[in-house]
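The figures that follow rest on heavy atoms only: side chains count, while hydrogens, waters and symmetry mates do not. Predicted model only: the values in this text are computed from it and were never measured.
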Amino acid sequence: MSAPTADRPATELDVPITAKAAADATPDDNVVTSRLGLRKFRDELPIPKVITIPAGADEHCAISIRAQVGRHRFHRDLPKTDVWAYEGQIPGPTIEVERDTPAAIDWVNDLFNDDGQPATLPYDVVRVPPTTTGAPPTTTTAMTPGGRAVKLDPAGSAADSFPALAGTDDLTGATVVHLHGALTNGHNDGWSHNVTMTGGRTRVLYPNGQESATLWYHDHAMAVTRFNVYAGLAGFYLLRDTNEASLTLPSGPYELPLMITDRNFETYVPKQPGETSFTGRPLYKQAGVVAVGAEGAPVDTEIPVSGPFNLVNGKVWPTKKVKPRWYRLRILNACSTRTLTLAVHDTTDESAPPNSPANNADASNGFVPVRVTPMTVIGTDGGLLPAPIPVSTLEVGPAERYDVLIDFRSLAGKTLELRNEQNAFINADQGRADATIMQFVVGKTASPTDTHWEPPVELNPDYRRYLHVGTDLQVGSQTIHSHEHFWVALIPPGPGGGGHPELWELRQLDSKEPSPGKDLIKLIDPRDKDLPPAEQTVLRFVPTAKLFDDANSIVFAEGSWAVWNILHLGGPPHPFHIHMTQFQMIERGQWDLAALGDDGWNADNGTTGVLPIPADSAITPTHQGMKDTYLIKPGEWVKVLGDFTGATGSFMYHCHILDHEDHTMMRPFVVLPREVMAFHKAHGGGHH
């Protein structure tokens with residue numbers, strides 16, 4: 001269903017909520033009026049339906065999960081609207097399965113409209129024109145709630161009516177499902193080109209031969225992943241095993257899957273200045289910028305989308321009543337772009353001035369948020385940690401997952417908020433990021449069985465720490481003498497006239513090869529850090545590929561171990577995701593890009609000088625867990641180590657900012673049986 005127009009009058013489901021009505025309404029208990037036009041804590045936290053794959057399931061008998069047009073209400077004060085969702089619900093159903101129980105799933109594309117025709121996107125994609133002199137920043141306008149496509153404002157009188165992105169009005173649902181974090185063969189992995197049109201189905205088999213972990217499934221269609229996921233195509237996939245069961249972790253109603261996303265919402269054309277009336281439909285509202293292209297020519301581009309409203313399990317700023325006992329939170333950052341720094345704040349007696357920084361620690365405005373009991377991290381993307389890790393804040397990049405325990409026992413009767421402290425504000429004003437994620441209302445009493453449990457001292461007896469020692473790998477007590485090195489660079493916007501960052505697959509030049517005139521990356525070999533500068537080796541790299549459709553150059557033999565060297569040479573942080581296997585971070589270095597000045601990155605030439613050996617940066621205990629997605633910061637050189645064992649085929653690695661992924665920050669790699677490799681000329685990035 002579209003927003004009301006002259007051709008389609010409003011129905012009873014389209015009755016809007018206005019900002020003034022929200023402010024004037026009599027609040028329910030714990031409901032808070034925000035400055036963004038919607039009240040907080042109007043909805044109870046929904047828990048997705050669970051589909052359990054029974055132990056001993058026949059791998060030849062598939063269950064069907066449909067991507068279909070559903071009706072969803074994002075907030076109690078908003079009308080229902082059309083979404084694209086698995087089984088018509090946001091999030092899709094949570095799939096639970098025991099380790100080593102194969103799951104055969106038919107992913108069905110049932111995205112038809114009421115007329116039986118392929119449905120078009122259930123929201124509009126608009127571009128805020130670049131800022132003119134004296135106007136608010138384009139990013140502020142894009143983050144302001146509301147607006148609409150120009151087509152819904154025939155008179156063209158509203159300042160918040162924006163042009164649609166060409167082609168999006170006609171975009172129908174071509175889908176392909178990726179089970180993010182799964183060890184499965186390439187033909188089951190959700191290769192982006194292997195889309196299914198409406199009416200089609202794709203059968204896949206997930207072996208589930210992994211330890212217990214929080215995985216998730218989402219659309220991964222080439223060039224339109226950002227649109228399909230924003231439409232609602234995502235859900236949890238939880239792997240269980242006997243070790244997890246032995247820990248007696250909080251379960252049932254005390255285990256909460258939390259899929260955190262953000263959205264903007266469309267508004268009607270205002271009848272008077274300052275009026276905000278929501279239609280209920282999401283709005284994909286991009287901030288347009290003009291980059292400097294080749295030979296100084298302007299290039300129109302957009303900043304990746306973030307929305308002003310934070311959602312958990314498909315609801316804006318929900319609330320959850322909890323008992324004063326331990327809870328287990330399965331946290332997933334499913335935002336297209338936004339990185340979260342999560343903390344729990346006591347808001348029982350809070351009186352924060354509007355626009356207070358959520359991480360304010362110096363009382364500069366007379367207010368300091370009150371953080372409460374620390375979160376206890378027990379697992380990362382790929383499974384449980386060896387032992388619990390208390391943290392006061394938790395940084396979660398897009399697509400990262402954390403398994404977290406929270407002890408509410410000492411907080412009986414309190415009102416709490418889970419907040420994002422990264423560049424966010426308490427009770428934010430228009431155009432700013434609001435800190436609130438969701439609310440917890442802690443009950444006053446608990447039973448003895450609720451209060452006596454404590455987290456285990458040891459979580460995962462099978463955990464092995466990965467290390468790089470000399471020319472060998474140390475994996476627990478096992479020494480591995482042969483492995484490969486692979487190099488990739490994250491490049492700031494600008495080279496080649498592009499307005500988006502780029503992902504370059506690199507090849508190391510040997511000592512006899514001449515240096516090219518551009519696109520050359522030079523750095524000091526860290527293994528020479530104890531040598532005099534004149535004796536240190538300069539490593540030189542050139543890109544072998546920049547686009548997804550460039551020729552594949554990386555082929556690993558099944559069973560190989562490989563170190564991925566990820567060089568971030570400027571631009572925004574990038575959540576870097578590698579398909580097929582799980583990794584550990586083994587080294588982390590940091591360049592001060594600003595201090596490098598002219599010796600640092602140059603869009604025309606590459607690295608103008610030679611990058612020095614980066615300063616060591618500590619690897620936190622949470623980053624020593626098994627992971628498939630890493631948030632790489634500007635100036636970092638991160639090394640992650642994994643083994644390509646247990647699956648073969650074509651896979652992908654990419655930035656998980658979905659706008660970046662869709663703008664070719666994605667590349668393929670191949671895993672082949674070792675016997676086949678003897679007849680294949682391609683190889684990895686170099687052996688020790």
Side-chain angles (χ1 to χ4, degrees), residues 333 339-341 377 379-382 385-386 389 391 393-402 422 463-475 483-492 501 503-504 506 521 523-530 539 541 561-578 581-596 600-601 607 610-643 653-657 685 688:
N333 181 351
T339 294
L340 307 168
T341 299
V377 180
T380 51
D381 303 344
L385 291 164
I389 301 170
V391 297
T393 63
L394 182 63
E395 185 176 63
V396 192
E400 289 188 299
R401 289 92 65 208
Y402 284 94
Q422 186 161 141
Y463 173 87
R464 299 179 298 167
R465 179 68 178 126
Y466 296 179
L467 298 171
H468 196 284
V469 181
T471 59
D472 292 333
L473 302 178
Q474 196 70 35
V475 178
H483 66 281
E484 301 185 35
H485 272 254
F486 172 63
W487 300 79
V488 61
L490 305 173
I491 304 297
L503 186 155
W504 289 3
L506 301 178
I521 296 173
L523 50 91
I524 300 294
D525 190 335
R527 292 174 294 184
D528 294 348
K529 63 182 180 180
D530 296 326
L539 305 179
F541 297 90
W561 287 81
V563 175
W564 291 56
N565 294 265
I566 308 163
L567 314 175
H568 193 320
L569 300 181
H574 293 287
F576 191 85
H577 172 45
I578 308 171
T581 193
Q582 298 288 329
F583 298 81
Q584 282 188 26
M585 185 183 292
I586 59 170
E587 291 184 40
R588 190 176 207 169
Q590 179 71 58
W591 290 297
D592 185 342
L593 296 179
L596 290 175
W601 177 256
T607 52
V610 178
L611 297 176
I613 297 172
D616 287 337
S617 186
I619 301 175
T620 63
T622 54
H623 282 95
Q624 295 177 20
M626 302 305 297
K627 288 179 59 59
D628 52 60
T629 307
Y630 291 90
L631 187 67
I632 313 295
K633 306 291 185 63
E636 285 192 328
W637 176 354
V638 171
K639 296 182 181 182
V640 300
L641 170 63
D643 66 312
Y653 67 95
H654 55 87
C655 174
H656 219 285
I657 292 176
H688 277 305

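The two residues G642 and F583 come nearest to each other via the heavy atoms N-CD2, 3.4 Å. The shortest non-hydrogen separation linking Q590 to S617 is CB-CB, 4.5 Å. Minimum interatomic distance between L593 and G635 (heavy atoms only, all atoms of both residues): CD1-N, 3.5 Å. Shown here for G397 and T339, the closest heavy-atom pair between the two residues is CA-OG1, 4.0 Å. Residues P612 and L596 approach most closely at CD-CD2, 3.7 Å, considering heavy atoms. Nearest heavy atoms, L385 versus G625: CD2-CA, 3.6 Å.
A donor-acceptor pair is defined here as one N or O able to donate and one able to accept, closer than 3.5 Å; such a pair exists between the side chain of T380 and the backbone of M626. No donor-acceptor pair under 3.5 Å is formed between the side chain of R588 and the backbone N or O of I586. A donor-acceptor pair under 3.5 Å links the side-chain atoms of H577 to the main chain of D628, judged by distance alone. At distances below 3.5 Å, not a single donor-acceptor pair connects side-chain atoms of W637 with backbone N or O atoms of N565. Remark: side-chain polar atoms of Y402 are not paired, donor with acceptor, to backbone N or O of T622 under 3.5 angstrom.
For the pair V488/F576, a side-chain contact is recorded, criterion being any heavy-atom separation below 4.5 Å from C-beta on. By the 4.5 Å heavy-atom criterion applied to side chains, L569 and W591 are counted as neighbours. Side-chain contact between I491 and W601 is present, with at least one heavy-atom pair separated by less than 4.5 Å. Considering only heavy atoms from C-beta on, Q584 stays 4.5 Å or farther from L467 through its side chain. At a threshold of 4.5 Å between non-hydrogen side-chain atoms, the residues T620 and V391 do not count as touching. The side-chain heavy atoms of L340 and E395, taken from C-beta on, include no pair separated by under 4.5 Å. Within the 4.5 Å cutoff, the side chain of E400 has heavy atoms near those of the D381 side chain. Taking the side chain as every heavy atom from C-beta outward, H568 and P634 approach each other to under 4.5 Å.
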Using the side-chain contact (heavy atoms from CB on, under 4.5 Å) rule, take L567 and L611 through it: C-alpha gap first, then chi angles, then the decisive distance, then the call. CA-CA 11 Å; L567 314 175; L611 297 176; over 6 Å; no
Assess whether side-chain contact (heavy atoms from CB on, under 4.5 Å) is satisfied between H468 and E587, documenting all intermediate values. CA-CA 8 Å; H468 196 284; E587 291 184 40; 4.2 Å; yes
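Atoms CD1 and OG1, from I521 and T607 in turn, are 6.5 Å apart once rounded to the nearest 0.5 Å. The NE2 atom of H574 lies 5.5 Å from the CG atom of L490; values are rounded to the nearest 0.5 Å. One distance of note links CD of Q474 with CG of L641; it measures 11.5 Å at 0.5 Å rounding. With rounding to the nearest 0.5 angstrom, the CG atom of D643 is 13.0 Å from the NE2 atom of H483. One finds the OG1 atom of T393 at 10.0 Å from the CD atom of Q422 (value rounded to the nearest 0.5 Å). Distance CG/D525 to CG/L539: 4.5 Å, rounded to 0.5 Å.
For Y653 and F486, the ring centers sit closer than 6.0 Å to each other. For W561 and Y466, the ring centers are positioned less than 6.0 Å apart.
A 6.0 Å sphere centred on CG of D616 holds no more than 12 heavy atoms belonging to other residues, nucleotides or ligands.
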